[in-house]
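Here is the structure we will look at.
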Amino acid sequence: MEKGRRILCFEDEAIIALGLKMDLLMAGYDVCGILATARDALEIVKRERPDLIIMDIQLVGHEDGVEAAREILEVFPLPIIFMTGYPDREVMERAERLHPAAILLKPTHFPALLEAIEKVFSS
Amino acid sequence: MLFMMRLLVSGTIDNIAILLAVTLIYTTLRPGEGREPKTLAKICVGVLLGLIGTLLIFQGTSFVPNPLFRVPSVLFLLSGLFFGVVSTVTALSLTSLFSLLYQGGAEVWTGVCGTLVTALVGLLWKELRGIKRGPFSLVELYLAGLTAHLFLFLSLLAFSQEALERVFPLLLLLLGLFPLLTMFLGKLMTDRDLRWAAESKVREGEERFRTLYMDASLGIFHSSLDGRFLDVNPAMARMLGYGSPEEVLAVDLSIPRDLYSNSEDRDKMLKEALEREEILVLDHLYHRKNRDPWNARLHIRLVHTPSGPHLEGFVEDVTEEKRAEKELEEKHILMETLLETIPSPVFYKDVERRYMGCNRAFCDFLGYRREEIVGKRTEEIFEDTESDQFKAKDIELLNNPGVQVYEGFMTNFRGERREMLFHKAIFADLHGSALGMVGVMTDITERKQNEEALRQSEQRFREVVSSMPNAICILQNGRVSFVNPSLELLLGYSGEELLGRPFTDLLQEEYREKTLDRIDPEKVGRGEEAAEIAFLCKDGGHAFTDTAFILISYMENPAVLVVSWDITVSKRTAELLKKSEERLRLAMEATSDGLWDWDLVSGEIYWSPRAFEMSGYRPYEFPMNFSVWTSMVHPNDREVIIPEMREKLSRGEAFRVDFRFRMRDGGWRWFMARGKPVAWDGSGKATRMVGTHVDIDETRKTEEKLKTMLAEKELLLKELNHRTKNNMQVIVSMLRLQALQPKCAPLAFVFKEVENKIQAMALVHRRLYQSQDLSKIDLASYIQELTELTLTSLAICQDKVTLLLDMQPVSVTIDVAIPCGLMINELMTNSLKHAFPGERRGTVKVTLSREAGETLALAYEDDGIGVGEGFDFRNQPTLGLQTVLILGEHQLQGRVEFASPPGFHCRLVFRETVYQARV
């Protein structure tokens, strides 16, 4: 497990975001931020320079996480892990088109998430 | 012997004398002149004869005792021959009586017998010879005498043999003598008879002539050469104008002067009479006494008489005759002229079938002159075939006198074979004997041709009429005189059953009155409208028809032509149709949909009244057609539905389109039109469609609403699902976070705290479930309940902490409610844990208010001990405040402000619409 990897999270549900942050920190990763919206996402990515993005598909204001991810990836080709509450087929297709590292369903099983992250960082 | 001879002679002479006397009596006393004498006269004669007979018997007795001589045989024989039965019987009776009375002896009977015998012979002889043979001849008389005396002799033989001995020597003499006597005496009487007859005839003749002369209607005269009448008969006198012959002779008539109108005629006549010694027949014009002219036909002759030559003759008044002749002559001329004028050929023939004459037309027809025709027979003039026919007909007529009418052919002078009508008749003389025949011919060729043409035309008419499907009959005087097969079929009667029947009989009762006028030739019009009439069929059923009555001329008489169309079926169909139409109309009225019928060829559309009403128009307010309809469809929708409709129409399929339609008031409403093709053309394209026009405005709106609602619900369900999952995640996270907290608090408390957090979330869901609006809850009442529950759950006594709530009712979504709830929970828990240690009492106050710009302000404060100086609210190692911060600022994207001391204040301001409401 490599330390010092920076992960940027997009999660609008506060408690979950908190939990996620804790888990990631405990796992030894560097959480450079948890955003509730995709607003200024590009700016933040540029500033923080994460190594991985974990994106919740439904964000605050019901913004489209996939869309936001797409925009980021156009500029910054980063590995991305999607998390979603309901697997809407259309959304899933769009998400898959971005070739994410993984698409995980909520409620998140943290070990699974860790495993996905490790897979990303080991490749 | 001599004595005997003397006796004989004297006896004979005596007998002769007596018999002569008889003869004289006969000749003198013979009554009548050819007339049958009266019976009394006959009896008298008989008596006389009887007396003479008696005398003879006496005489006979005297000189010769001979029975024979006692028999006045000749007398009775002659009596029988000439005097007849009555006289003879009378004489016989008398003589016999005498003999019986005055004579005696057996000779009486012989005597009687003898007289009887001779009388009988005489009677019989006369009877048997008959009358017609005329007078007796000498020979006959002799034979009669002989026969009588022979019988006498034989009878004597029967009676007396001895007498016979005495007689026998004289027998031959007697047999010769007496018959001779009979003969001579008989002759005398016969001659006398003859003379009487002759005299009588002469007298008769004279008398007849006299009568003739006097009674003749011819005038008979004698006149002198110089012209005087010597003698005239009454007729002549009348002709001359006089009353009697005497008058004529009395007047000094001069024939040439008084009689003749032209005396030269007489002179001429005289001259001729003198020249010729024969009867001249001349017609002269005479004058009567009163100068009236009259025509005399003279039959005159010159005769020489002892007193000189004179004229004699008879005259006929032929005035009438002349006049008649003249008339006849005139008539004859008239007939001739008539005959010649008659355009029809006329001819007459004799009984030998030779032409006696003909008229001009006849000559012209044949092209012969009269001379060539007269005297010839038909076979000499005509062709064999024709003449044979004529000959046969002529003979037939001659055998059956009367009138003969027949049709035949005759070739005229042009060689054309003309059809002729012959009228012939026998003409006879006054006695009925045929003199010949007359004939009139009429050229009927054209007539025949016309007849044939007419017949053919009639035939064609019949054929046409018979083959027509219409039932046809012709009425004359209201009765059926012709029917065609179709009528027979319609009514079930045969033609014979219908002919002659009154037309009205064939109709149903209620129609009879109405049709009376229409079957009257004088009242019916030409080509009137057909009327509905029901006939009575043979089987009792009715046949409904449309019938027209037309005046026509039939067989040259006005008649009524009746033409019928059987509408029985169509009538029923019409009734059914009517019912069906009514049903349709009722259905149309009952339905709330509009109905339309679109003729794709003309573009015209029938709109039901409802269709008009649905768009706000009055029924049939304007004529509807496709272009009008299209113009009323919303332009936007037009682009969509018209192509679809066209496509469906071209394939002959049904269509269904929704569109907005312009109402009368200009507004738009959603309509649905459904159309179904009912007629197609050859290429499968629809030519007629019917369909409905339905107002779907409400429906559509409702649909939309429902759709929306459905979508909402779906989304909501998705949301909830998501929420639930999320909430689970949250709970998991909460637990994990709790696990990371310092482990100094008692486990029960830890669980309690977790329980409360979960409770906060659950409450939101409960409220959501309970609320009408499934996506929003009232934040104020939620927080109220939450705070109360928190207090209860943490077993805080009512008087330790007081709850103050000042909240405006605000409807928020779950996305807002939960963070708020969790925040309040966190803050309260914090306050309850740390703000009132020991016995310290306090208040917790929550305020919620709406700020400008859709922002909400949620403020929490307690009046507890508060936090110390330099308390870094944002970077506490414990998660409590971090949670509050992250909830307010991260999740709700708001601003969180803390303030302490005094107490503890926390204020959250955030935009209400941070999560857009789904609905």
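These numbers were taken from a predicted model, which means no experiment stands behind them. By convention in this document, chain letters (A, B, ...) are assigned in the order of the sequence lines, proteins followed by strands, and residues within each chain are numbered from 1. When reading the values below, keep in mind they use all heavy atoms of this one structure, side chains included, and skip hydrogens, waters and symmetry mates.
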* Asked: For the residue pair Val730(B) and Glu13(A), what are the closest heavy atoms and their distance?
  -> CG2-CG, 3.3 Å
* Asked: Which region of Leu822(B), side chain (C-beta onward) or backbone (N, CA, C, O), has a non-hydrogen atom less than 4.5 Å from a non-hydrogen atom of chain A, or is it both or neither?
  -> side chain
* Structure fact -> Between Ile15(A) and Thr883(B) the two heavy atoms that sit nearest each other are CD1-CG2, 3.5 Å
* Do other residues, nucleotides or ligands put more than 12 heavy atoms under 6.0 Å from Phe76(A) CZ? -> yes
* Segment of Leu20(A) engaging chain B (4.5 angstrom heavy-atom cut-off) -> neither
* Asked: Within a radius of less than 6.0 Å around NZ of Lys46(A), do more than 12 heavy atoms belonging to other residues, nucleotides or ligands occur?
  -> no
* Asked: Which heavy-atom pair separates Ile16(A) from Ser733(B) by the least distance, and what is that distance?
  -> CA-OG, 3.5 Å
* **Minimum-distance pair of heavy atoms, taken over all atoms of His890(B) and Ala14(A)** => CD2-CA, 4.3 Å
* Between CZ of Arg39(A) and CD of Gln893(B), what distance do you get to the nearest 0.5 Å? -> 5.0 Å
* Can you establish whether the number of heavy atoms outside Lys833(B) located under 6.0 Å from its atom NZ is more than 12? => yes
* From Glu11(A) CD over to Ile886(B) CD1, what is the distance, rounded to the nearest 0.5 angstrom? -> 9.5 Å
* Kindly check if the number of other-residue, nucleotide or ligand heavy atoms within 6.0 Å of CD (Glu115(A)) is above 12? => no
* Asked: Is the count of non-hydrogen atoms from other residues, nucleotides or ligands lying under 6.0 Å from Glu43(A) atom CD greater than 12?
  -> no
* What pair of heavy atoms forms the shortest contact from Gln882(B) to Leu18(A), and how long is it? -> OE1-CD1, 3.9 Å
